[in-house]
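Taking it in order: structure first as structure tokens, then the write-up.
Remember, it's a predicted structure, so these values are computed and weren't measured experimentally.
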Amino acid sequence: MHFSDTDTHWMKQALVLAHQSLYITTPNPRVGCVLVNPQGQLIGQGHTQKAGSDHAEIVALKNAHSLGHNSQGATAYVTLEPCSHHGKTGPCCDALIQAGVLRVVASIQDPFPQVSGQGFVRLRQAGIQVDVGLCQTEAQQINQGFFYRIQHQLPWMRMKIACSLDGQTALQNGQSQWITSQASRTDGHAWRARACAILTGIGTVLQDDPQLNVRDQTPRQPALVIVDSQLQTPLSAKLWQTQRPVLIYHSTNDNTKQAQALTQKGAQLICLPDSQNKVDLFAMTQDLAARPFNEIHIEAGFKLNGSLLKAQCVQELLIYMAPVLMGSGAGMAQLGVLEQLTQAQAFHFTESIQMGSDLRIRAQRDTI
């Protein structure tokens with residue numbers, strides 16, 4: 001399909017709108033929509049609101065109506081296939097048909113089984129021209145977790161690591177604040193904010209007593225997930241100061257008094273033991289996807305990092321590397337001793353940019 005420069009211009013605008021919904025739509029995808037009349041003028045625009053509220057197409061149609069514009073004959077540029085099913089809201093493709101839209105340009109087909117091409121079928125049956133594939137890569141990237149969860153029944157697990165040039169995340173005495181710059185820490189909060197949940201381990205909770213929340217202005221605090229085999233999470237920890245769902249994955253049925261106290265604190269306890277009476281990490285990721293969580297932001301110590309990597313639970317690394325050498329300390333991940341280089345876990349770089357005085361590196365697992 002050949003798209004014009006005008007098509008590309010309006011779809012880029014729709015992508016800008018999709019980014020505006022980055023922190024609010026979970027577990028729904030982030031979508032933007034632009035309506036353009038036959039004269040080539042913008043008449044309405046919008047992005048998906050929080051779950052249960054209007055999708056991007058509905059917001060754009062309401063925006064056009066509020067401005068006194070007629071949507072008859074318009075072209076809708078939308079970053080994801082308009083939905084065709086009744087969920088908490090009605091089908092967006094029906095709303096576009098009723099509004100008299102004559103053409104729909106979409107970036108990508110929705111992988112959700114209840115839609116997955118049916119929206120396009122419904123639009124074409126109504127006589128609407130449907131063109132698909134404009135800015136497909138960008139539209140998929142903004143919804144990486146959503147696509148991955150639907151296609152693999154697993155969340156997109158992104159592991160954030162702050163380290164020195166020699167790969168240390170803390171000194172031997174445990175000191176780690178602060179290795180990286182304020183710019184890196186601010187950027188890290190933006191990645192926290194877009195995630196459905198932040199995941200950490202009991203080691204980090206006991207050693208650092210972190211809040212693990214989003215401290216800049218945010219419309220939604222991500223859920224907190226704690227891997228805590230023996231239910232050692234303190235009732236006085238700072239993490240309780242933030243209102244959000246707290247899920248604790250454990251592997252014991254012994255500590256009933258502590259379990260009751262944690263439940264009274266508002267935590268949801270999930271027992272998933274493996275053969276070593278630790279938490280079955282892969283089963284945990286399957287459970288997180290079923291809740292449903294799209295993106296998980298991991299901020300843990302080198303032991304849990306290593307366990308998650310060895311269990312093949314991590315799809316992406318988000319590394320902030322400071323231009324300092326720290327010598328012997330705590331590394332990025334405790335992976336054990338390998339006998340062959342072929343046993344190394346392979347990633348490929350997707351991004352490397354300056355972040356304040358640091359370097360931000362993103363890498364994805366090769367097997368994805």
Stepwise side-chain contact (heavy atoms from CB on, under 4.5 Å) test for M159 and L309: CA-CA 9 Å; M159 180 176 285; L309 286 162; 4.2 Å; yes
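- Q41 has its side chain out of reach of H69: every pair of non-hydrogen atoms, C-beta onward, lies at least 4.5 Å apart.
- Between Q345 and R365, some side-chain heavy-atom pair lies under the 4.5 Å cut-off.
- Remark: T169 engages I161, C163, A330, M332 in a side-chain contact (heavy atoms from CB on, under 4.5 Å) (not counting sequence neighbours).
- Ring geometry, Y148 versus W156: the interplanar angle exceeds 60°, so the pair is classed perpendicular (tilted spans 30 to 60°).
- Annotation: side chain of E351 is in contact with side chain of R360 (closest heavy-atom distance under 4.5 Å).
- Considering only residues two or more places apart in sequence or on other chains, R158 meets the side-chain hydrogen bond (donor to acceptor under 3.5 Å, both in side chains) condition with E295, E316.
- Counted within 6.0 Å of CD on Q241, heavy atoms from surrounding residues, nucleotides or ligands total more than 12; the atom is thus considered enclosed.
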Stepwise side-chain contact (heavy atoms from CB on, under 4.5 Å) test for L288 and Y249: CA-CA 10 Å; L288 289 169; Y249 287 87; 3.3 Å; yes
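- Taken to the nearest 0.5 Å, the CD atom of Q141 stands 11.0 Å off from the CZ atom of F147.
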Donor-acceptor pairs under 3.5 Å, side chain of residues 16-25 to any protein atom, not counting sequence neighbours: which ones?
{"unit_1": "S21", "atom_1": "OG", "unit_2": "A18", "atom_2": "O", "d": "2.7"}
{"unit_1": "T25", "atom_1": "OG1", "unit_2": "N28", "atom_2": "O", "d": "2.8"}

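- Contact record, A56 with T48: N-OG1, 3.4 Å, taken as the closest heavy-atom pair.
- Between S251 and Q230 the shortest side-chain heavy-atom distance falls below 4.5 Å.
- Remark: side-chain polar atoms of D131 are not paired, donor with acceptor, to backbone N or O of V105 under 3.5 angstrom.
- At distances below 3.5 Å, at least one donor-acceptor pair connects side-chain atoms of Q354 with backbone N or O atoms of G356.
- Looking at every heavy atom in both residues, T252 comes nearest to S229 through CG2-O, 3.4 Å.
- At least one side-chain heavy atom of K12 sits under 4.5 Å from a side-chain heavy atom of C135.
- Through direct or relayed side-chain contacts under 4.5 Å between Ile, Leu, Val, Met, Phe, Trp and Tyr, V246 connects to I198, I202, V205, L206, L212, L224, I226, L231, L235, L239, W240, I248, L262, L269.
- Between the Q168 side chain and the G329 main chain, a donor and an acceptor come within less than 3.5 Å of each other.
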Worked verdict on D7 versus R103 for side-chain contact (heavy atoms from CB on, under 4.5 Å): CA-CA 11 Å; D7 288 335; R103 182 185 180 216; 2.9 Å; yes
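- At least one donor-acceptor pair closer than 3.5 Å links the side chain of E81 to the backbone N or O of Q118.
- A pairwise comparison of heavy atoms in P155 and T285 identifies CD-O, 3.1 Å as the closest pair.
- The structure places CD of Q109 at 6.0 Å from CZ of F120, a figure rounded to the nearest 0.5 Å.
- Atom CZ in R192 sits 6.5 Å away from atom CG in N213 (nearest 0.5 Å).
- A 4.5 Å side-chain heavy-atom check between L308 and L199 finds at least one atom pair inside the cut-off.
- For H348, the side-chain contact (heavy atoms from CB on, under 4.5 Å) criterion is met by T350, Q364, D366, not counting sequence neighbours.
- Considering only residues two or more places apart in sequence or on other chains, R291 meets the salt bridge (charged side-chain N to carboxylate O under 4.0 Å, His left out) condition with D287.
- Hydrophobic clustering keeps V104 apart from L102 (ILVMFWY residues linked when any side-chain heavy atoms are closer than 4.5 Å, directly or through intermediates).
- Partners of S164 under the side-chain hydrogen bond (donor to acceptor under 3.5 Å, both in side chains) rule, at least two apart in sequence or in another chain, are D166.
- The minimum heavy-atom distance between V214 and P222, with the atom names listed, is CG2-CD, 3.7 Å.
- Note that the CD1 atom of I298 and the CG atom of L317 stand 9.0 Å from one another [nearest 0.5 Å].
- Residue V324 shares its hydrophobic cluster (ILVMFWY side chains chained together at separations under 4.5 Å) with L171, I179, M326.
- Screening residues 144-155 for salt bridge (Lys or Arg N to Asp or Glu O under 4.0 Å), with sequence neighbours left out, gives no hits.
- Atom NE2 of H65 has 12 or fewer neighbouring heavy atoms from other residues, nucleotides or ligands inside a 6.0 Å radius.
- Without hydrogens or angle criteria, R122 side chain to D94 main chain gives no donor-acceptor distance under 3.5 Å.
- Side-chain atoms of Q140 and F146, non-hydrogen and from C-beta on, never get closer than 4.5 Å to each other.
- For the atom pair CG of D358 and OH of Y320, the computed distance is 9.5 Å after rounding to the nearest 0.5 Å.
- Hydrophobic clustering (ILVMFWY, side-chain heavy atoms < 4.5 Å, transitive): I58 and F112 are in distinct clusters.
- For the residue pair Q182 / R185, a side-chain donor-acceptor distance below 3.5 Å is found, with atom types taken as modelled.
- In this structure, the side-chain contact (heavy atoms from CB on, under 4.5 Å) partners of A139, at least two apart in sequence or on a different chain, are L15, T79, S107, I108.
- Here the closest non-hydrogen pair linking N294 and P27 is ND2-O, 2.8 Å.
- The closest side-chain heavy-atom distance from V130 to V121 is not below 4.5 Å.
- The local environment of CD in Q129 is crowded, with over 12 non-hydrogen atoms from other residues, nucleotides or ligands closer than 6.0 Å.
- From Q98, atom CD reaches atom SG of C93 across 9.5 Å, with rounding to the nearest 0.5 Å.
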Pair F293-L247, side-chain contact (heavy atoms from CB on, under 4.5 Å): steps then yes or no: CA-CA 12 Å; F293 290 148; L247 286 74; 4.2 Å; yes
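- There is a path of hydrophobic side-chain contacts, each under 4.5 Å, that joins F349 to F347.
- Residue pairs meeting the salt bridge (Lys or Arg N to Asp or Glu O under 4.0 Å) criterion with at least one member in residues 219-237: none, sequence neighbours excluded.
- A pairwise comparison of heavy atoms in A76 and C33 identifies CB-SG, 4.5 Å as the closest pair.
- Grouping the Ile, Leu, Val, Met, Phe, Trp and Tyr side chains by contacts below 4.5 angstrom, directly or via other members, places L67 apart from V34.
- Taking hydrophobic clusters as Ile, Leu, Val, Met, Phe, Trp and Tyr residues chained together by side-chain heavy-atom distances below 4.5 Å, F302 does not share a cluster with M321.
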Please tabulate, for side-chain N and O atoms in residues 277-284, each donor-acceptor pair with protein atoms closer than 3.5 Å (sequence neighbours left out).
{"unit_1": "D280", "atom_1": "OD1", "unit_2": "F282", "atom_2": "N", "d": "3.4"}
{"unit_1": "D280", "atom_1": "OD1", "unit_2": "A283", "atom_2": "N", "d": "3.0"}

